[in-house]
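Here is how names work: the chains are called A, B, and so on, in the same order as the sequence lines, proteins then strands, and each is numbered from 1. Worth saying up front: this structure is predicted, and the values here are computed from it rather than measured.
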There are 2 protein chains.
Amino acid sequence: MVSTTSSSQSDLLLAIEDQGHRHTETRRLVAEAIEASPESFTAEEICAQLPAVGRATVYRTLKLFLSADVLCKVTLPDGAPRYAIDTGGRHHHHSICTSCGAVSEFRASTVERVLRALEREVEGEITGHRMEIYVRCGKCQSGAAN
Amino acid sequence: MVSTTSSSQSDLLLAIEDQGHRHTETRRLVAEAIEASPESFTAEEICAQLPAVGRATVYRTLKLFLSADVLCKVTLPDGAPRYAIDTGGRHHHHSICTSCGAVSEFRASTVERVLRALEREVEGEITGHRMEIYVRCGKCQSGAAN
DNA sequence: ATGTTTATCGATACAAGGTATCAAAACAGG
DNA sequence: CCTGTTTTGATACCTTGTATCGATAAACAT
């Protein structure tokens, strides 16, 4: 058992506090809104849910969560960005359901293997990559419309 | 030999004419500017090179080239979009030199193999993907700064 | 409790990359 | 040359953020 306390402290919040950032009411509100969001969400959705919090602050806070690796930012096929809670550990990739927006993570091992293979095919040294998998998730396949 | 004529008709232009779009002076200018661009370029760079052409028109024309598959749009690690001439055939991916902006294509076969492997790991049916490989190209490795 | 320091906040303006609108101009075909 | 359809440029607007900056609120030590 890793966590037995019922302090109800948001994991998001804890993560940025661990990075030395202050615990503020505003950040708690943002974290709460994120945690209450289903699947994935947009920054503007959070802004709309928290009219008392400035737009800039919402973006700033999302950025903090991103850099603490507790939030991820994905890009839909049309280029629209969405955020989702990032539960996984180190390096991984995301699959996004284009129907409901659900984001899930998968281990990157297979991908890493490909990159190594590509190292022979690509001219130059690979310094990074970006990858997104678009899916139609189980729920959306079985469930009616959506 | 596929093309022996020296009609000097831009491939870009021909491609969109094949899609039923008109041949216009403006589009020729945009195609010319693109073909004169080294490596990759931004939409705003084209706008700056062609002050006589409206910004909206530049974007519209780039979009036409994109949908005719003669142009590709890539995203740098920081999210900035760039365009590059797309010479390859059907499905492929791009590697972008983060140092000089050179974009090259590589066959997607290896990637496709991974996707099939991922189909087991990912919940749901894969409907698409996005992939970008960032490199430091040969020229930039050997050449001094850059 | 209170002060003091520093981080954070909200409002606002601005930036980048596009898209919608719409009257005017340019094509293409007869 | 006429005419119908595309295309164009100007302009306004949209989305997704980021910079600025005076006001506010944490954190910490008195």
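Distance OH (Tyr59(A)) to P (dA11(C)): 16 Å, rounded to an integer number of Å. To the nearest angstrom, C1' of dG10(C) lies 14 Å from CG of Leu29(A). Whole-Å rounding puts the Arg28(B) CZ to dA26(C) P distance at 15 Å. One interatomic measurement links the two molecules: CD of Glu17(A) to P of dT8(C), which rounds to 11 Å at whole-angstrom precision.
Contacts of His129(A) classified as side-chain hydrogen bond (donor to acceptor under 3.5 Å, both in side chains), with partners at least two apart in sequence or in another chain: His91(A), His93(A). Scanning for side-chain hydrogen bond (donor to acceptor under 3.5 Å, both in side chains) contacts around Glu119(A) gives an empty result, with sequence neighbours left out. Residues satisfying the side-chain contact (heavy atoms from CB on, under 4.5 Å) criterion with Ala84(A), sequence neighbours excluded, are Ser40(A), Cys72(A), Val103(A). Residues passing the side-chain hydrogen bond (donor to acceptor under 3.5 Å, both in side chains) test with Glu32(B), sequence neighbours excluded: Arg28(B). Annotation: side-chain hydrogen bond (donor to acceptor under 3.5 Å, both in side chains) contacts of Ser95(B) (sequence neighbours excluded): Ser104(B).
Side-chain contact check for Pro77(B) versus Ile96(B): every heavy-atom pair is 4.5 Å or farther apart. Looking at heavy atoms from C-beta onward, Leu64(A) lies in side-chain contact with Arg27(A) at the 4.5 angstrom threshold. Counting heavy atoms from C-beta outward, Leu50(A) and Ile46(A) have side chains that approach closer than 4.5 Å. Side chains of Gln49(B) and Phe41(B) form no contact here, defined as non-hydrogen atoms less than 4.5 Å apart. The shortest side-chain heavy-atom distance between Val53(A) and Leu29(A) falls under the 4.5 Å cut-off. Contact annotation: the side chain of Ile34(A) approaches that of Leu62(A) to within less than 4.5 Å [non-hydrogen atoms, C-beta and beyond].
The side-chain hydrogen bond (donor to acceptor under 3.5 Å, both in side chains) pairs that include a residue from residues 66-80 of chain A are Asp69(A)-Arg90(A), where partners are two or more places apart or lie in different chains. Among residue pairs with one or both ends in residues 51-63 of chain B, those qualifying as salt bridge (charged side-chain N to carboxylate O under 4.0 Å, His left out) are Glu44(B)-Arg55(B); sequence neighbours excluded.
The stretch residues 61-77 of chain A touches DNA chain D through Lys63(A), Lys73(A), each having a heavy atom under 4.0 angstrom from the strand. Only at 4.0 angstrom or more do the heavy atoms of residues 33-50 of chain B sit from any atom of DNA chain D, so none qualifies.
Here Arg27(A) reaches the OP1 or OP2 of dC9(C): one of its side-chain N or O atoms lies under 4.0 Å away.
Contact annotation for Thr26(A): backbone-only contact, meaning every heavy-atom pair under 4.0 Å involves sugar-phosphate atoms and none involves a base.
Ion pair Arg82(B)/Glu45(B) flagged as a salt bridge, since at least one NZ, NE, NH1 or NH2 atom sits closer than 4.0 Å to an Asp/Glu carboxylate oxygen.
Here the CZ-CD1 distance, from Arg120(A) to Ile126(A), works out to 10.5 Å after rounding to the nearest 0.5 Å.
Residues Tyr83(B) and Glu25(B) each lie close to DNA chain C; by heavy-atom proximity, the contact nearer the 5' end of the strand is made by Tyr83(B).
For Pro81(A), counting side-chain heavy atoms from C-beta on, the closest listed nucleotide (dT8(D), dG17(D), dG18(C)) is dG17(D).
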Would you list the protein and nucleotides 27-30 of chain D atom pairs, both N or O, that sit under 3.5 Å from each other?
unit_1  : atom_1 : unit_2   : atom_2 : d
dA27(D) : OP1    : His23(A) : N      : 3.2

Could you go through nucleotides 21-23 of chain C and list every protein N or O atom that sits under 3.5 Å from one of its N or O atoms, giving the distance for each pair?
none

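Considering all non-hydrogen atoms of both residues, Arg136(B) and Cys97(B) come closest at CA-SG, 3.9 Å.
Over its full length, the helix from dA1(C)-dT30(D) to dG30(C)-dC1(D) turns its helical axis through 30°, comparing axes from the five pairs at each end and rounding to 10°.
Contact of Arg55(A) with dG17(D) (side chain to base): a donor-acceptor pair of N or O atoms is detected under 3.5 Å.
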